[in-house]
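Below is one structure, written out as structure tokens; the observations come after it.
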Amino acid sequence: MRRWQFTVILLLSTLALAAAPAEEPVPLQGFSSNAARAEREWEGKFRSIPSPDNLRDYMKRLSARPHHVGSPYDKENAEWILSRFKEWGWDAHIENFEVLFPTPKERLVELVEPTKFTAKLEEPTVPEDPTSNQHDEQLPTYNAYSADGDVTGPLVYVNYGVPADYEQLERLGISVKGAIVIARYGGSWRGIKPKVGAEHGAVGCLIYSDPSGDGYFQGDVFPAGAFRPREGVQRGSVMDDTLYPGDPLTPGVGATKDAKRLPLEDVQTITKIPVLPISYGDAQPLLAALKGPMAPEHWRGALPFPYHIGPGPAKVHLKVKSNWDIKTLYDVIARIDGSKYPDEWVVRGNHHDAWVNGAEDPISGLVAELEEARAFGELLNQGWKPTRTLIYCAWDGEEPALLGSTEWAEEHADELSRHAVAYLNSDSNGRGYLYVGGSHSLEKFINGVARDIEDPEKKISVWKRSQLRRIEDAPSAEERQEARERPDLRIGALGSGSDYGAFVDHLGIASLNLGYGGEDGGGIYHSIYDDFYWYTHFGDTSFVYGRALAQTAGTAVMRLADAELLPFDFSDFADTIHKYTDDLKKLLKSKQDEVRERNKEIEEGVFTATADPQKSFVPPKPEEVPPYLNFAPLENATDALTQSAQRYRKAVEKANANGGAALASAPLSPLNELLVQSEQKLTSPEGLPGRPWYRHEIYAPGVYTGYGVKTMPVVRESIEQKKWKQADEGIIEVGRILAAEAALINSAAAELEKAIK
Ligand SMILES: [Zn+2]
């Protein structure tokens, strides 16, 4: 799952010491100077091992045939990965789960009025692409976890199909009740489109890839170029994983053979209406047959006709039926025990299943993880041992619903809560810039790693390159200044959309998601053309960014595993929390201003006077202005957090002084244990309102954005959904959580002050 969402997962940062040379190595946080010297030496050896040729060979093997959940090649790949881990000296096994995974049984889209047309729903072989003809093994184009249904109705074009689009439809006096809506990909996670459509009374949903998004409007189409061809379709899950991800039948527990299962009819995460994805080739006759008002300008795509909204006269018949089968998952789990702290685990993962051949998604990320594993095996032979335990995972079933990682994390929740130091994820890779999302207590740490990785094209550090990009892209002078001067590049918060979900959102394990991209655009996502041919012509064709990913993630793993004092830092976290609090205050104010202004315009008669009498228009109704909220509990907690973070930072600096001898001799275990708990402290046992699986009070995927993160979700979403009482309670709750976090950081500071005395 996932394409890099630039605005969401930007790492990017800044330069610390204006006077020092930009590329000078900074001291390793959490290491005494002797330990740091040894660490740097081993890290240097580690980074020289990953080889682009190996990455290419692994990809060729792993993407040779379609390997979705339940397919023969999915299992073969898992067994092949298992043998590699063993060959490289890891203690490895396959862990199985039994999960609900629907596959298509019947699919039909036809235009029944005013003319007849039957959609092909097929992606043709491209002669020069040798794996595009494996039709017997390819999953047909579909959206997994769509409800079964057989519906006919007038067609309505709803742009991206997000809530704001339906507000616009309301202004135009258009209802989708009883209609089949057609939405284009983009603007939200795909599962939001049928969800919001159904909430407004639609009976069916089509999602198509407009050429403006990833087709000819962006560049030459495959095989001449990288972009989506006329018949290319984006498969994908539409399961409502904003409620909970993983096996729909076993929320909160591992889907083992004997697990207690919900009856299918009680599952809430399956869509309410049938939905299918289609190509622009198939969408064109449907959209061209629409009449009714012209779509607003920003709704129009790149197809060669006027975009009308409908409803009708186009009438569509949609039929979707799935085989609702239980399939076996094959998670590969490998481990190297730590020499000193075997009960502290650094966990790393990337999924191995794909929608079809999946060279880019996910194999381009997986092969980097495998090269890290091989490199660690080689270091073992050279005499290195990690201080903490490494656990490397190749997940199955990520594409349908983060199945493999979620079931494994649920099954091992207790152990993970006690032992996991951090989780590092990747999922696909490409050419360009390093992107990082994750827990802000690791922001400083991952900035340090990025400073030590060389960009293969530009021969400057990937950190420096990201910083310069951020300076160029800064939307305001203020942000440009921040990019230049803030010691660390900000990392994005994690929403959902890959295997970190269960770790960070459910268990409260500090997590990072890493990958390169930005210069590797294309339109093969979740299609049969995401394969070795495409990747070796249009992706990271020389695999040097694959090597950079292995170097980045592997260095991060090593550093976390070997640090004497775990490299958590709370100053960036406190700064981020401050920013989130300000954002919420601004959000409320802008909502108030917006409603006030609109009410005023209604009173002035602006809408009635300016509406074209020959077009239908429904003026908005006056609304109550959002009330003021008391942000004091949040602001007080943020202050306390800032102070405790400063105290901890000072203690760390003191510990690092004089070669950090104190770090080498002090008993740091109790302190490290506190640090590990710092992320769990940000969760609440009862979880978020209406979705108890999600326990993190700072990060969660948005109920109406899907992948897109909502920070301080209970407060933010309450404001967006005008639930003022819940917003007030949320502020108190998040304030309480942050105050407890500040107290934990204070204890950590006290513990460190004591240890280095
Ligand atoms: Zn993926």
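When a ligand or atom number is given, it counts from 1 through the structure's own listing order. All figures in this text were calculated on a predicted structure; none of them were measured in a lab.
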- Query: Short check: any N/O/S atom of Glu398 below 2.8 Å from the Zn ion (ligand 1)?
  - Reply: no
Here the salt bridge (charged side-chain N to carboxylate O under 4.0 Å, His left out) pairs for residues 206-216, sequence neighbours left out, are Asp214-Arg228
Sorted by chain and number, sequence neighbours left out, side chain to side chain donor-acceptor pair (under 3.5 Å) with Arg691 holds for Glu717
Among N, O or S atoms, Asp361 approaches the Zn ion (ligand 1) most closely through OD1
Per residue Asp427, nearest N, O or S atom to the Zn ion (ligand 1) is named OD1
>> Classify the ring geometry of Phe222 against Tyr533: parallel below 30°, tilted from 30° to 60°, perpendicular beyond 60°.
In response: perpendicular
Result for side-chain hydrogen bond (donor to acceptor under 3.5 Å, both in side chains) between Arg235 and one of Glu399, His526, Glu123 points to Glu123
